[in-house]
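Note that these values count all heavy atoms, side chains included, but never hydrogens, waters or copies made by symmetry.
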Amino acid sequence: MQDNLREELIKQFPAEVVELVEPSGKKFYACPTCKRVVTLNESKCAGCNQVLSWDHIRQEEMAKGVKTATLKFEVGGDFNKGDCRKCPLSYIAKENNENVYECPLKMRANCKLEIS
């Protein structure tokens, strides 16, 4: 509980907005805490409630390339790689007015999960 309170108190102090530049050259402003896009002269980030300051806008480049993240979770013994219906990550989406199972990692056709 103490850490949450401390974090919320810190967010009440204004933090300098960051100007990010995409590889295409497009510039936009972002919250320094969560990197969500913010509107010019917005006083508070809608995502994380960080109070924003526009006095000295910091400039940063967006991260380039990709990183690999590993997530471990259990699946049923009858789970097969690519079977989105039994994958705990999948969700039901609408496609042509029908329910379909969709992968939030956009890997439905090329599942990269490793099963052990």
Open item on the list: Donor-acceptor check, side chain of Lys86 to backbone of Val75, threshold 3.5 angstrom: yes or no?
Closed with: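 Side chain of Lys86 to backbone of Val75, a donor-acceptor pair under 3.5 Å: no, none is there.
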Task: Donor-acceptor pair, side chain of Glu16 and main chain of Leu52, under 3.5 angstrom - done: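 Side chain of Glu16 to backbone of Leu52: no pair is present.
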Taking atom [atom1] of [X] and atom [atom2] of [Y], what is their separation to the nearest 0.5 Å?
X: Thr33; Y: Ile10; atom1: OG1; atom2: CD1; value: 9.5 Å
X: Leu20; Y: Arg58; atom1: CG; atom2: CZ; value: 9.5 Å
X: Lys112; Y: Lys81; atom1: NZ; atom2: NZ; value: 9.0 Å
X: Lys11; Y: Cys48; atom1: NZ; atom2: SG; value: 4.5 Å

Task: Contact check, side chains of Ile92 and Tyr101, non-hydrogen atoms, under 4.5 Å - done: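 A side-chain contact exists here, since the closest heavy-atom pair is under 4.5 Å.
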Are [X] and [Y] grouped together when hydrophobic residues (ILVMFWY) are joined by side-chain heavy atoms under 4.5 angstrom apart?
X: Phe79; Y: Leu71; answer: yes
X: Phe73; Y: Tyr91; answer: no
X: Leu40; Y: Ile57; answer: yes
X: Val37; Y: Val18; answer: yes

For [X] against [Y], the heavy-atom pair lying closest together:
X: Val21; Y: Lys27; result: CG2-CG, 3.8 Å
X: Cys87; Y: Ser90; result: O-OG, 2.9 Å
X: Thr39; Y: Trp54; result: O-CZ2, 3.2 Å
X: Gln50; Y: Pro14; result: NE2-C, 4.3 Å

Open item on the list: Can you confirm whether more than 12 heavy atoms, excluding those of Gln12, are under 6.0 Å from its CD atom?
Closed with: yes
